[in-house]
Amino acid sequence: MRTGYRYVNLTLSKVSGFASWEDLTVNNEQKRPPDVVSVAGLQDVLDSGWHLHVVCRKAPELRGYQWHGSWYLVAANPESDEWVVLVTARERQRAKNEVRSQSRSTKDIEFREIKTASGLISLLTEFGFRNVGVPTEEGSSVILAR
């Protein structure tokens with residue numbers, strides 16, 4: 001098991017496994033829908049050596065004493081082009097119950113959106129990251145590895 005961490009600022013187009021934000025949605029032209037995981041599933045892939053990409057969907061703004069923005073978590077296997085996206089628990093159950101088909105529409109997938117910096121930091125600490133990075137520019141990401 002690896003120890004320590006590293007983080008790198010990247011633009012979304014350079015994040016391993018997908019070329020644009022649209023690749024995180026499912027449409028009829030896509031050959032295979034992205035795999036989705038719950039918090040427990042994401043913990044499992046991180047424990048097996050995958051890297052976590054914290055993707056900034058909306059640049060944060062300070063409201064009172066809290067930073068509000070929009071972040072998503074994508075785990076990528078550094079040794080292949082496999083990747084999984086964190087979704088809400090109810091979406092993972094729905095995906096499990098349905099047979100995946102190309103007719104599945106984007107409205108069927110609910111990625112877990114983290115809306116505050118403190119919520120993001122709390123979730124990353126739950127995953128065992130002792131030092132975290134928070135991307136603050138729309139379309140950018142930070143890669144965390146344990």
Side-chain angles (χ1 to χ4, degrees), residues 1-60 67-146:
M1 185 182 223
R2 294 180 205 162
T3 59
Y5 77 99
R6 71 179 172 86
Y7 66 92
V8 182
N9 284 317
L10 295 175
T11 61
L12 189 57
S13 63
K14 293 185 181 181
V15 173
S16 170
F18 52 91
S20 69
W21 186 257
E22 285 68 39
D23 286 347
L24 292 179
T25 62
V26 180
N27 59 42
N28 291 333
E29 290 85 43
Q30 208 168 333
K31 290 183 182 141
R32 91 175 164 87
D35 287 324
V36 295
V37 292
S38 63
V39 171
L42 187 58
Q43 183 68 58
D44 289 343
V45 297
L46 293 174
D47 288 344
S48 67
W50 288 34
H51 294 171
L52 184 66
H53 297 256
V54 180
V55 181
C56 180
R57 178 73 166 147
K58 179 183 167 204
W67 285 95
H68 292 263
S70 179
W71 295 273
Y72 293 90
L73 301 179
V74 180
N77 186 341
E79 297 169 6
S80 71
D81 64 352
E82 293 177 286
W83 51 277
V84 293
V85 181
L86 180 64
V87 295
T88 62
R90 63 187 165 273
E91 173 55 32
R92 178 64 180 151
Q93 187 59 42
R94 186 181 334 162
K96 217 180 205 182
N97 293 337
E98 291 177 7
V99 174
R100 293 192 179 186
S101 69
Q102 292 195 5
S103 64
R104 190 171 169 142
S105 70
T106 55
K107 65 183 174 192
D108 289 338
I109 300 244
E110 266 185 65
F111 299 122
R112 178 152 177 197
E113 178 183 20
I114 296 103
K115 296 183 181 182
T116 64
S118 62
L120 177 61
I121 292 167
S122 295
L123 192 54
L124 294 174
T125 343
E126 276 183 43
F127 288 130
F129 293 101
R130 295 176 64 195
N131 299 294
V132 299
V134 178
T136 57
E137 205 175 292
E138 185 176 321
S140 67
S141 70
V142 172
I143 300 173
L144 301 170
R146 295 189 286 170

Completion exercise
To the nearest 0.5 Å, atom NE2 of His51 lies from atom CD of Glu79 at 8.5 Å

Practice task
Could you tell me which residues satisfy side-chain hydrogen bond (donor to acceptor under 3.5 Å, both in side chains) with Glu113, sequence neighbours excluded, listed by chain and number?
Solution key: Ser70

Completion exercise
Residues at least two apart in sequence or cross-chain that pass side chain to side chain contact (heavy atoms under 4.5 Å, CB included) with Thr116, listed by chain then number, are Gln66, His68, Ser118

Problem - Sidechain-backbone polar pair: Trp50 side chain, Leu42 backbone, donor-acceptor under 3.5 Å - result: no

Problem - Any donor-acceptor pair under 3.5 Å from Arg146 side chain to Leu46 backbone - result: yes

Handout entry: Approximate separation, where rounding is to 0.5 Å, of Leu124 CG and Trp71 CH2
Key = 10.5 Å

Completion exercise
In terms of heavy-atom contacts, Ile114 and Gly119 come closest through CG2-C, 3.8 Å

Fill in the blank from the handout: The side-chain hydrogen bond (donor to acceptor under 3.5 Å, both in side chains) partners of Glu126 (sequence neighbours excluded) come to none

Problem - Minimal non-hydrogen separation, Val54 against Pro135, with atom names - result: O-CG, 3.3 Å

Completion exercise
Between the CG atom in Leu144 and the NE2 atom in His53, the distance rounded to the nearest 0.5 Å is 9.5 Å

Handout entry: Tyr72 to Arg112 - nearest heavy-atom pair and separation
Key = CD2-O, 3.4 Å

Practice task
Answer whether the closest heavy-atom distance between the side chains of Phe129 and Leu52 falls below 4.5 Å.
Solution key: yes

Exercise for the section: Would you check if Phe127 and Leu73 make a side-chain contact, meaning some heavy-atom pair closer than 4.5 Å? Expected result: yes

Problem - For Glu137 against Cys56, the heavy-atom pair lying closest together - result: O-CB, 3.4 Å

Handout entry: Separation between CG of Leu86 and CZ of Phe111, rounded to the nearest 0.5 Å
Key = 10.0 Å

